[in-house]
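Starting from 1, each residue takes its place in the sequence as its number.
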Amino acid sequence: MAQRLVVVGNGMAGVRALEEVLARQERATIAEPFEITVFGDEPYGNYNRILLSNVLAGVDDPAEIYLNAMDWYTDHGIDLRAGVRVVRLDTFAHLVHADDGTTLRYDKLILATGSRSFFPPMAGLWADDKTLADGVFGFRTLDDTASMIGQAATRSKAVVIGGGLLGLEAARGLQNRGLTVEVVHASSTLMNAQLDDPAGAILRKSVEDLGIKVHLEKRTTEVCADDAGRLSGVLFADGTRLDCDMLVIAAGIRPNVGLAQRAGLTVERAIVTDDHMRSVDDDDVYVVGECAQHRGQVYGLVAPLWEQARVLADHLTGTDMAAAYHGSRVATKLKVAGVDVAAMGVKGPERPDDEFVQYSEPRHGIYKTVVIRDGKLVGATLVGDVSKVAFLTQAFDSGLPLPDERVSLLFDIGTPDVGVGVAELTDDAQVCNCNGVSKGALVSCVRSGETSVSGVMAKTKAGKGCGSCKELVGQVVEWAAGGAVTEDPSASWYVPGVPYDKATLMRHIRDLELHSVSSVFAALAPDGKEDAGSKMALASLLDMMWADEFVDERDARFINDRVHANIQRDGTFSVVPQMKGGVTDAAQLRRIADVAEKYEIPMIKLTGGQRIDLLGVRKEDLPAVWADLDMPSGYAYGKSFRTVKTCVGSDFCRFGVGDSTALGIAIEERFKGLASPGKMKLAVTGCPRNCAEALCKDLGVVAVDGGRWEIYVGGAAGAHIRKGDLLATVDSADEVMTLTGRFLQYYRESANWLERTYKWVPRVGIEHIRSVVVDDAEGIAAGLDERMQRSVDAYRDPWQDGREPASVGQFRPALPLLPLPQVPVR
């Protein structure tokens, strides 16, 4: 009978350990594979926590940072209990008890509980025992990030407590979203765990040059609120105060050890392990990641976690019972608030005979040091210029011989050129620190037939962590392939699970008359295999192509589209009814007020799109809320046509030269709810004063003198800022309607998935778009108009159709997560 392996923790460390176990099982080194169950606090697949700062800054979409989508677990026969927390362990009976009431026996257990944000003691920090005060956020999870993004639009000034990597990245991300940001750090040096005082000073100057003010040696003692309970600032131990309406705590992390403590396992700073990554108390309990303490060390970077995972898997599966973990040499290369930083080993000389080479150029934000001991590199720090980091990292990891002229370690005056440097690396030299990929593994992958850089990265996971090694990975692949590097064909695929670009995929879908996502996979995917990461994009594409003939399937939609509302961090939902052109009346407002009272909705919020948002709606109440509102959906949750923002126009404004309100309402009425590759936000303004901000929308219309209208496309005013390009100037509202529909249809048919118009327009070129949409140079305008009309005719309001559940569990409330009791560290 197969042994059951239970993993508590669905984060990067726990799932990497599982991947190592599965790899050994696939090599048939185990007589009978484990039956595997994974418990994870968060209701998602495994994602790359390192890239949350990119999501906050708007560089990455949340969907792009997943490492293992839901179907990966199914494909490997893993029972994933996402959103279910283990609350008790019984190591004597080999049982885990979860907050959903289930109890499961294990033969072997992996604890990968990770860590949580550390919140320093401050008066006013907590609204209650579990909830942070208004405007206060941690920065640790995808939900934390989503909450910060959601609130950033309503806040003006943020203070970030913590001048380490996470705090500086949070500051830069919020600044990208338009907030004034200041950083508060208790130490006298930014990133003091990695940098010495001169490096920290130069980093501070670089950060402040970006417009982020830094306060050092400040200890925050109190979070202040105004009379309405809204965050107003923070107080420091020296009596000074700093005003803000958003506060992010990034003051470090603490290992999650409560579960292990209550089970009687030895816990010091974290759960104490031996060299096989087993708990020192129980041979059937393994520990990996940030919750593990090995030889007194707790590691917060991913590279050591991967080394731990390999040893754990070797020992757990019996592949190599002599495998042992002896600790890690940590080297990091990061972009901190837009500034390149690399650090490895010691920060400065520690022995009398240590060689120390230092270069400092504060005016240009550059600082470099190396520490050499017995002819070997034992430490290096680079700020502002990291051009030598690849060679230094290899010298640090594998003891490469160093040039006699030590200054050449910092500048290109003596170290080997790229080709020679890569050739001299030993096979066990680590290229990707995050995922522990060696040069030998990359070379082996190339020699097995994979000669594209992206293909090698996909198969080995090199470059899939922080991404700082991508250049070196490319160099190794090029060297191993003898220069014959090929392009990865999947780079042009519209979705990762179906091997066609968008135009070819659409042609096959039409020719084969594939009306559902499952039929596309069955007909066009390799071996008919379904890919969870492709479903949402395919559902949107099919909806656009087939209109009323599209066969919608529940498992092809994510939670927002399944329940037609936007999920929030606490598991409740946001409901935004349509208000065409931002115009409402007394009857609508009265209904909204009645619904808010009836369903005890905790927040009513005016949005930037001139609508009213009801926040905190319980999942089970959604159908009744829609029915009582008796208003159409505003599609605030979908990749679709969203809103048309308008000014009051010529009816009331003395400057108005066009009826922007009527035109905006007409546009929203016609194109409401259209599925698209990305969100579509529009605006119509009644004069060039541009009160409706039409120049920074996906499509904006501006009334000008003489009864004419200017149409702008490809604008943005979020994490990315771009003034739209002038598509055309027309003489009538009818022409505006025609060109709007034609532009939106051309965008829907040719843009990549999740590619907003502000990226699509400059990629395709405004001249080309104008020739197609306005001049009909390719003779496809009539077809675009016809296909748009078909989609318009097929519109159905999901809040009307969705009042009866599509399945038994569609509106069933999720089980609440029970808080872990606070147990003191002994």
Can you tell me if [X] uses its side chain to pair, donor with acceptor, with the backbone of [Y] under 3.5 Å?
| X | Y | result |
| --- | --- | --- |
| Ser650 | Val657 | no |
| Asp144 | Thr141 | yes |
| Thr180 | Ala158 | no |
| Arg756 | Lys679 | yes |
| Trp626 | Val575 | no |
| Gln175 | Leu210 | yes |

Does the side chain of [X] pick up a donor-acceptor pair with the side chain of [Y] at under 3.5 Å?
| X | Y | answer |
| --- | --- | --- |
| Asp501 | Thr504 | yes |
| Gln789 | Asp793 | yes |
| Arg748 | Gln745 | yes |
| Glu735 | Ser732 | yes |
| Thr757 | Asp698 | yes |
| Thr685 | Ser660 | no |

For [X], what residues pass the side-chain hydrogen bond (donor to acceptor under 3.5 Å, both in side chains) criterion, not counting sequence neighbours?
| X | answer |
| --- | --- |
| Arg654 | none |
| Asp659 | none |
| His508 | none |
| Ser156 | Asp245 |

To the nearest 0.5 angstrom, please state how far the [atom1] atom of [X] sits from the [atom2] atom of [Y].
| X | Y | atom1 | atom2 | result |
| --- | --- | --- | --- | --- |
| Lys759 | Leu754 | NZ | CG | 9.5 Å |
| Arg787 | Met545 | CZ | CE | 9.5 Å |
| Thr154 | Lys605 | OG1 | NZ | 5.5 Å |
| Leu179 | Gln151 | CG | CD | 10.5 Å |
| Lys697 | Tyr758 | NZ | OH | 13.0 Å |
| Asp613 | Leu606 | CG | CG | 9.5 Å |

Are [X] and [Y] side-chain neighbours, meaning at least one heavy-atom pair lies under 4.5 Å?
| X | Y | answer |
| --- | --- | --- |
| Leu514 | Leu524 | yes |
| Ser518 | Glu530 | yes |
| Ile65 | Leu52 | yes |
| Thr486 | Thr451 | yes |
| Arg790 | Asp548 | yes |
| Phe137 | Val160 | no |
| Asn68 | Tyr47 | no |
| Met457 | Val477 | no |

What donor-acceptor contacts under 3.5 angstrom involve side-chain atoms of residues 762-779, with partners at least two apart or in another chain?
unit_1	atom_1	unit_2	atom_2	d
Arg763	NE	Glu755	OE2	2.7
Arg763	NH2	Glu755	OE1	2.9
His768	NE2	Tyr746	OH	2.9
Arg770	NE	Leu727	O	3.1
Arg770	NH2	Leu726	O	2.6
Ser771	OG	His768	O	2.6
Asp776	OD1	Gly779	N	3.1
Asp776	OD1	Ile780	N	2.9
Asp776	OD1	Ala781	N	2.9

Minimum heavy-atom distance [X]-[Y], with the two atoms named:
| X | Y | value |
| --- | --- | --- |
| Ala547 | Ser791 | CB-CA, 4.1 Å |
| Val713 | Arg722 | O-NH1, 4.0 Å |
| Glu668 | Lys580 | OE1-CA, 3.5 Å |

Using a 3.5 Å cut-off and no angle test, enumerate the donor-acceptor pairs between side-chain atoms of residues 631-638 and protein atoms at least two apart in sequence or in another chain.
unit_1	atom_1	unit_2	atom_2	d
Ser633	OG	Tyr635	N	3.1
Ser633	OG	Tyr637	OH	3.4

Phe641 six-ring centre to Lys672 NZ/CZ under 6.0 Å and within 45° of normal: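 No, Lys672 does not sit over the ring of Phe641.
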CA sep, side-chain torsions, deciding dist, call: Met148, Arg177, side-chain contact (heavy atoms from CB on, under 4.5 Å): CA-CA 10 Å; Met148 291 165 66; Arg177 293 188 176 273; over 6 Å; no
CA sep, side-chain torsions, deciding dist, call: Tyr795, Asp797, side-chain contact (heavy atoms from CB on, under 4.5 Å): CA-CA 7 Å; Tyr795 171 77; Asp797 179 10; 3.7 Å; yes
Any residue meeting side-chain contact (heavy atoms from CB on, under 4.5 Å) with Lys502, in chain and number order, not counting sequence neighbours: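 Lys502 satisfies side-chain contact (heavy atoms from CB on, under 4.5 Å) with Tyr494, Met506, Leu541, Pro677 only.
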Contacts of type side-chain contact (heavy atoms from CB on, under 4.5 Å), residue Asp385, not counting sequence neighbours: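 Partners of Asp385 under the side-chain contact (heavy atoms from CB on, under 4.5 Å) test: Ile366, Lys368, Ser387.
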N-O pairing of Lys213 and Glu208 below 4.0 Å: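 Judged by the 4.0 Å cut-off on N to carboxylate O distance, Lys213 and Glu208 do not form a salt bridge.
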Any pair counted as ring pair (Phe, Tyr, Trp, His ring centres under 6.0 Å), so long as it reaches residues 650-678, sequence neighbours left out: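 Of all non-adjacent pairs touching residues 650-678, none passes ring pair (Phe, Tyr, Trp, His ring centres under 6.0 Å).
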Partners meeting ring-ring contact (aromatic ring centres under 6.0 Å, His included) with Tyr747 (sequence neighbours left out):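 Per chain and number, Tyr747 pairs via ring-ring contact (aromatic ring centres under 6.0 Å, His included) with Trp760.
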Set of ring-ring contact (aromatic ring centres under 6.0 Å, His included) partners for Trp753, sequence neighbours left out: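 Testing Trp753 for ring-ring contact (aromatic ring centres under 6.0 Å, His included), a comparison that skips the adjacent residues, returns none.
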Salt bridge (charged side-chain N to carboxylate O under 4.0 Å, His left out) assessment of Glu450 paired with Lys459: CA-CA 9 Å; Glu450 181 55 71; Lys459 289 182 178 179; 3.5 Å; yes
Trace of the side-chain contact (heavy atoms from CB on, under 4.5 Å) decision for Glu553 with Lys535: CA-CA 10 Å; Glu553 296 168 316; Lys535 288 184 175 181; over 6 Å; no
Thr740 vs Leu682, side-chain contact (heavy atoms from CB on, under 4.5 Å): CA-CA, chis, key distance, verdict: CA-CA 10 Å; Thr740 295; Leu682 286 73; 4.1 Å; yes
Contact list for residues 703-713, test side chain to side chain donor-acceptor pair (under 3.5 Å), sequence neighbours left out: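 Applying side chain to side chain donor-acceptor pair (under 3.5 Å) to every pair that reaches into residues 703-713, excluding sequence neighbours, yields Arg708-Asp731, Glu710-Tyr712.
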